[in-house]
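Throughout, protein chains are lettered first and strands after them, A, B, ... in sequence-line order, and every chain is numbered starting at 1. Hydrogens, waters and symmetry mates are skipped; everything else that's a heavy atom, side chains included, is used.
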There are 2 protein chains.
Amino acid sequence: MRNIKLTLEYDGTEFVGWQMQANGPSIQEELERALHQILGENVKTIVAGRTDAGVHARGQVVNFRTASAVDPDSLTRSLNGVLRPEIVVLSSEEVDTQFHARYSAKARLYRYILMTRPTALMRNHSWYVGGYTLDIELMGRCAEMVRGEHDFASFCKSDSDVDHRRCVVSRAEWRFLRPTLEFEIEANRFLYGMVRAMVGTMVEIGRGYRAFDDFEKILAARDRTKAGMAAPAKGLFLERVIY
Amino acid sequence: MRNIKLTLEYDGTEFVGWQMQANGPSIQEELERALHQILGENVKTIVAGRTDAGVHARGQVVNFRTASAVDPDSLTRSLNGVLRPEIVVLSSEEVDTQFHARYSAKARLYRYILMTRPTALMRNHSWYVGGYTLDIELMGRCAEMVRGEHDFASFCKSDSDVDHRRCVVSRAEWRFLRPTLEFEIEANRFLYGMVRAMVGTMVEIGRGYRAFDDFEKILAARDRTKAGMAAPAKGLFLERVIY
């Protein structure tokens, strides 16, 4: 069996998320349907990062095993011909049989996009934070505090089924490209709901709804109820998976 | 009567264009409905550039007369509260009674966005030109040739009802920000279908379907049948109107 790696871009707006669910179309279901159509096989995909409903990807990675002799470049074109336009295969390649989209990943990079004015063109691809000004400098200091290795239980949905909640954050920064405000975070792993909980909390601090000193306490508390509201899914993008 | 100027951003995907038509929702209709709802008046808007079905705007300008004493900033907020999310008012201001969104405009700036790879996130906001490489240098030389004052009849839909087809192009250039390719053009006026016909023709030259020398002949011919196919509406943005 050959092992094929796909890199995907998708618009999560109309999907229930990566994973198959009874209540609507998932990215996984649509991709596996397209793979079945092209390869004539029932393919089971392994994904690098399961994204929630409404979350987008610019560089999601998937792998699957196949008995087919299909050429990777023609697979890319064939898939793009049958997939819904909200999902695009950026590249396909044959990889080592040991390659596992999830376990082989060294790091993932997420980006969160805020808009400081209302937007029509980016309405499904950003969170409009209106009605108050944000203290970007304080938000930048929060970002500094999440760098390094920490237990991020305070930023993890409590029903998450993992044995520990330690992550090593190699990059975390806010960038203001007026009227867009971007948060970029790279870590070896991400907990369920982690980026959205962080962004929501930092925005609460940036707008003065919470004191800056709270951030350190929240991080130390290891208790999700201490953190702020999750930022909406539509501003979040899985940018890249690093192997 | 006061004269109010609005600057708008909109996503043209779901609209029949700026102008009211029987076959679907128009931007004008939706804006005038919202103005009626807020002001309690039947307002007639004047627009800087009538955009076609599927064409977007980042800085469309409109003006209208009103007997209302409404404060411009609260008008912006109120309109954004009742407009469909595909249309956003970026700003409102009271202007001189002589101001006319169309006739007072000195220039308009349009941008056309091409993608050189398939895209999910930009699928309604760009034209994917796939399956061939583009000679960007040749396309840049075509752009140079449209600068200055010319009769652009070859790039104007023949049913267009104007007394002459001369336009002064103050800026025209291609920029390659891989994988995005952008064409920017600023002129004192634009003819119906002009940017899309130009982009379509330059792409035909860039992909080698037409010879570069044809471009000069097409421009000189003043005959729409000589030019190439119109590029799709979804890649076109009215960026800014200059007064």
Show every ring pair (Phe, Tyr, Trp, His ring centres under 6.0 Å) that has at least one partner inside residues 57-96 of chain B, sequence neighbours left out.
none
Of the backbone (N, CA, C, O) and the side chain (C-beta and beyond), which part of A:I87 lies under 4.5 Å from a heavy atom of chain B, both, or neither?
backbone
Name the region of A:L90, side chain, backbone, both or neither, that has any atom closer than 4.5 Å to a heavy atom of chain B.
side chain
Enclosure of A:M229 CE (heavy-atom neighbours >12, cutoff 6.0 Å)
no
Which side chain or backbone donor-acceptor pairs connect chain A with chain B at less than 3.5 Å?
from	atom 1	to	atom 2	distance (Å)
A:E9	OE1	B:R117	NH1	3.1
A:E9	OE1	B:R117	NH2	3.1
A:E9	OE2	B:T119	OG1	3.0
A:E9	OE2	B:A120	N	2.6
A:E9	OE2	B:L121	N	2.8
A:D11	OD2	B:R123	NH1	3.0
A:R117	NH1	B:E9	OE1	3.1
A:R117	NH2	B:E9	OE1	3.1
A:T119	OG1	B:E9	OE2	3.0
A:A120	N	B:E9	OE2	2.6
A:L121	N	B:E9	OE2	2.8
A:R123	NH1	B:D11	OD2	3.0

